[in-house]
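Accompanying notes for the structure given below.
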Amino acid sequence: MRCAPNPNGPWHIGHARMPAVIGTYAEEYDGEFIVRFDDTDPETKRPLLWAYDEILDEIDYLGFEPAEVYRASDRLETYYDHARRLIEKGGAYTCSCPAGEFSDLKNDAEPCPHRDKDPETTMAEFESMVDGEYESGEMVLRVKTDIEHKNPALRDWVAFRIIDTPHPREAAEDDRCWPMLDFQSGVDDHLTGVTHIIRGIDLQDSAKRQRFVYDYFDWEYPEVIHWGHVQVDEYDVKMSTSTIGELIEAGDLDGWDDPRAPTLPSVERRGIRGEALVEAMVGLGTSTSNVDLAMSTVYANNRELIDDEADRYFFVREDHADFTLAGEPPETASPPVHPDHEDRGTRDIDPGNRVRIEEPDVPADGERVWLKGFGCFRRDGETFEYAGDDIAAVREEGVDVIHWVPADSATLTRMRTMDGDVIGYAEPGFREADPDEVVQFERVGFARVDRQEADDETVAYFAHE
RNA sequence: GCUCGCUUGGUGUAGCCCGGCCAAUCAUAUUGGCCUUUCGAGCCAAUGACAGGGGUUCAAAUCCCCUAGCGAGCACCA
């Protein structure tokens, strides 16, 4: 099976579906995962040089290793050869009709005057196309199908056209005669041994078109299924490479991996495992109707993958209140690193003499609250009076357990989320957390440590609750 | 307009090809309970769907027809 991306930008979440499904199926049925860059339009779908490797990185992030990687722009000679063979069989003709005129004829099921050209003339004109002797739009090579076919989309479609804009890849920058997707992809699928094709409903007619070529060559067409579009909920930004690119250009997004962008680099940066995405994508199946991917499904998958290893930390978000400690609380608090793994020990926090908690957690005056891993406190105005360490207060008397940080030694932390940045304070030990580590801020959610800034700020990317 | 296709709970999915075992599977979600020094994890329970209408049949989510809604193609884009 193959994944045939156009390398015109990094991938959005929807792009993960193809590698996820064919990768999973290839593993399951001992098949092969091929990547083929269908980069045959240097103009309107202009490839970006850096996107080739970017896409391969994203496939790697998803957990797959392609058996082969092809670039259509390396294979022009192959396409030309097949075009020549097709011409010899009388299956194609060069046509110099202006596009609009041909379209009118086609819609009336009328052949154009070039259709009955002899193969020799076509061959000569095609060689001129390859040699760059025509300008863009002057000449195309059409596959001779059935000009009266009831579906106008299938009538004598274009196989090769001239594009004056040089291809961005150096290896192909001198080429001007480019195959259309249906020709290139059809030839490649057969030549590279693809047995099963999955593609979008927008390419519903491709198989029907390509079958004409397959019939000329007496090839057997692969199994093909079409699936609908995927939409992803929870994002404000439209899942489209060009839209995201424009927002980045306009400065509304920081880059392709901005947490607000529905892209693969973004979810990766948030600490979401490729595997979580793959499972969710495979779960969508391959139906022809459009589907909505609920991010909650991805999050549920991810939570299962990371919960066990994510160390716990306290993180107090921006609306906060400070309380001076009174009474005689313990000198250090020792909440566990992970509640389900005692062997990982505790993190020892020196509370100092003031603690900071989130505004919604502030108890009414005179009421108690349990600072997790520390002890029970009764609020008296602006102070917290130590009220012992008898857990019965929580278990039997309904005192709330909340997270907190020492007000004086907490470390400034910026948490980047899908809804914008959240500034807050993490417990001091978070300053030592290693970039790329996935942690859980207790009662807040999971996040990936992104970097430790020199100005004492730690940056984390929020994953999900 | 012409051509092709789709429609199972909030979301996704199984079942549809080969009608009965489907008062419809599983996951996610939501809600409630238990447990827990997290609103995480775990456990339990509840909620909730065959687009509508005809027909065939002893029997239809499954077959046929119609209607509605949605989508795609009709490019010298992929």
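Throughout, protein chains are lettered first and strands after them, A, B, ... in sequence-line order, and every chain is numbered starting at 1.
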Report which part of the nucleic acid N6(A) touches: base, sugar-phosphate, or nothing (heavy-atom distance under 4.0 Å, all strands). sugar-phosphate

Whichever of L293(A) and G373(A) has the more 5' nearest nucleotide on RNA chain B, that residue is L293(A)

Are any side-chain N or O atoms of R379(A) and backbone N or O atoms of P363(A), one a donor and one an acceptor, separated by less than 3.5 Å? yes

Ranking C77(B), A75(B), U38(B) by distance to the side chain of K45(A), first place goes to C77(B)

Touch class at under 4.0 angstrom, heavy-atom based, for F102(A) against every strand present: nothing

Is there a donor N/O on one and an acceptor N/O on the other, under 3.5 Å, for the side chain of R312(A) and the base of U38(B)? yes

Measuring from atom CG of D41(A) to atom CD1 of I163(A), what distance do you get when rounded to the nearest 0.5 angstrom? 4.5 Å

Does D189(A) pair with R36(A) as a salt bridge, N-O distance under 4.0 Å? yes

Between the protein and nucleotides 25-28 of chain B, which nitrogen or oxygen pairs come in under 3.5 angstrom?
{"unit_1": "U28(B)", "atom_1": "O2'", "unit_2": "S296(A)", "atom_2": "OG", "d": "3.3"}

Would you mind reading off the distance between N107(A) atom CG and U3(B) atom C1', rounded to a whole angstrom? 12 Å

Hey, mind stepping through W227(A) and M18(A) against side chain to side chain contact (heavy atoms under 4.5 Å, CB included) and telling me if it holds? CA-CA 10 Å; W227(A) 61 22; M18(A) 188 64 81; 3.8 Å; yes

By the 4.0 Å heavy-atom rule, please label T40(A) as base, sugar-phosphate, or nothing. sugar-phosphate

Report which part of the nucleic acid D361(A) touches: base, sugar-phosphate, or nothing (heavy-atom distance under 4.0 Å, all strands). base

Taking the side chain of D41(A) as heavy atoms from C-beta outward, which of G40(B), U37(B), A78(B) is closest to it? A78(B)

Would you write out the dot-bracket form of RNA chain B, 5' to 3', with Watson-Crick and G-U pairs under 3.5 Å, [ ] for crossing pairs, | for pairs to other strands and . for unpaired bases? (((((((..(((.......[.....)))((((((.......))))))...(((((..]....))))))))))))....

When you measure from the side chain of H320(A) to the backbone N and O of E318(A), does any donor-acceptor pair fall under 3.5 Å? yes

What protein N or O atoms touch nucleotides 14-16 of chain B N or O atoms at under 3.5 angstrom, if any, and at what distances?
none

Once you round it to whole Å, what is the distance between P of G5(B) and CG of D202(A)? 16 Å

So what does C97(A) touch, heavy atoms closer than 4.0 Å: a base, only the sugar-phosphate, or nothing? base

Select one nucleotide: of A78(B), G71(B), U38(B), the one nearest the side-chain heavy atoms of Q204(A). G71(B)

Please check this pair: side chain of H190(A) against backbone of G186(A), looking for a donor-acceptor N/O pair closer than 3.5 Å. no

Touch check for G283(A), heavy atoms < 4.0 angstrom, all strands: base, sugar-phosphate only, or nothing? sugar-phosphate

Taking the C1' atom of each, how far is A60(B) from G52(B), in whole Å? 16 Å

Atom of A72(A), atom of D39(A) and distance for their closest heavy-atom approach: N-OD1, 3.4 Å

Test: R378(A) and E397(A) ion pair at under 4.0 Å: no

Among H149(A), R115(A), K144(A), H114(A), side chain to side chain donor-acceptor pair (under 3.5 Å) partner for D156(A): R115(A)

Under 4.0 Å: is that the gap between some side-chain N or O of K150(A) and OP1 or OP2 of C4(B)? yes

Tell me whether the side-chain N/O atoms of K106(A) come closer than 4.0 Å to OP1 or OP2 in A75(B). yes

Winner on side-chain proximity to S289(A), out of U36(B), C77(B), U7(B), is U7(B)

Under 4.0 angstrom, heavy atoms only, what part of the nucleic acid is P5(A) near: base, sugar-phosphate, or nothing? nothing

Separation of A78(B) C1' from F160(A) CZ (nearest whole Å): 16 Å

Aromatic ring centroids of Y79(A) and F160(A) under 6.0 Å? no

Picking from G73(B), G40(B), G5(B), the nucleotide nearest the side-chain atoms of R209(A) would be G73(B)

Between C76(B), G40(B), C74(B), spot the one nearest the side chain of A153(A), thanks. C74(B)

Side-chain atoms of N151(A) come closest, of U11(B), U38(B), U3(B), to U3(B)

Counting side-chain heavy atoms from CB outward, which of C74(B), U38(B), G71(B) is closest to I201(A)? G71(B)

Between R395(A) and C34(B), is there a side-chain N or O to OP1/OP2 distance below 4.0 Å? no

Going by an N to O cut-off under 4.0 Å, is there a salt bridge joining R416(A) and D450(A)? no

Determine whether any donor atom in the side chain of D340(A) lies under 3.5 Å from an acceptor atom in the base of G40(B), or the reverse, and answer yes or no. yes

Between U38(B) (C1') and H341(A) (NE2): distance, integer Å: 15 Å

Can you tell me, in whole Å, how much space there is between the P of G33(B) and that of G53(B)? 39 Å

Which part of the nucleic acid, if any, lies within reach of M139(A) when heavy atoms closer than 4.0 Å are counted: base, sugar-phosphate only, or nothing? nothing

With a 4.0 Å cutoff (strictly under), does any side-chain N or O of S103(A) reach OP1 or OP2 of A75(B)? yes

Atom CG of D307(A) to atom C1' of U36(B): distance rounded to whole Å? 13 Å

Scan I391(A) against the nucleic acid and name what it touches under 4.0 Å (heavy atoms): base, sugar-phosphate only, or nothing. base

Which distance, rounded to the nearest 0.5 Å, do you find between the CZ of R317(A) and the NE2 of H403(A)? 5.5 Å

Whole-Å distance separating the CH2 atom of W404(A) from the C1' atom of U38(B): 15 Å

Contact class for V394(A) (heavy atom, under 4.0 Å): base, sugar-phosphate, or nothing? nothing

How long is the line joining NZ of K208(A) and C1' of C2(B), in whole Å? 13 Å

When all nucleic acid strands are considered with a 4.0 Å heavy-atom cut-off, which category describes I163(A): base, sugar-phosphate, or nothing? nothing

So, R161(A) side chain and P179(A) main chain: donor-acceptor pair closer than 3.5 Å or not? yes

Below 6.0 angstrom between ring centroids: does that apply to F430(A) and F315(A)? no

Distance check needed: G73(B) P versus H226(A) NE2, whole Å only. 12 Å

Which value, rounded to the nearest 0.5 Å, describes the distance between H464(A) atom NE2 and Y299(A) atom OH? 7.5 Å

Of the candidate nucleotides G40(B), C74(B), C76(B), which contains the atom at the shortest distance from the side chain of P339(A)? G40(B)

So does R312(A) get a backbone contact from the side chain of R347(A), meaning a donor-acceptor N/O pair under 3.5 Å? yes

With rounding to the closest Å, how many angstrom separate the P atoms on A24(B) and U38(B)? 38 Å

Could you check whether S185(A) gets within reach of a base, just the sugar-phosphate, or nothing at all, counting any heavy atom under 4.0 Å? nothing

Rounded to whole angstrom, note down the P distance from G20(B) over to A59(B). 14 Å

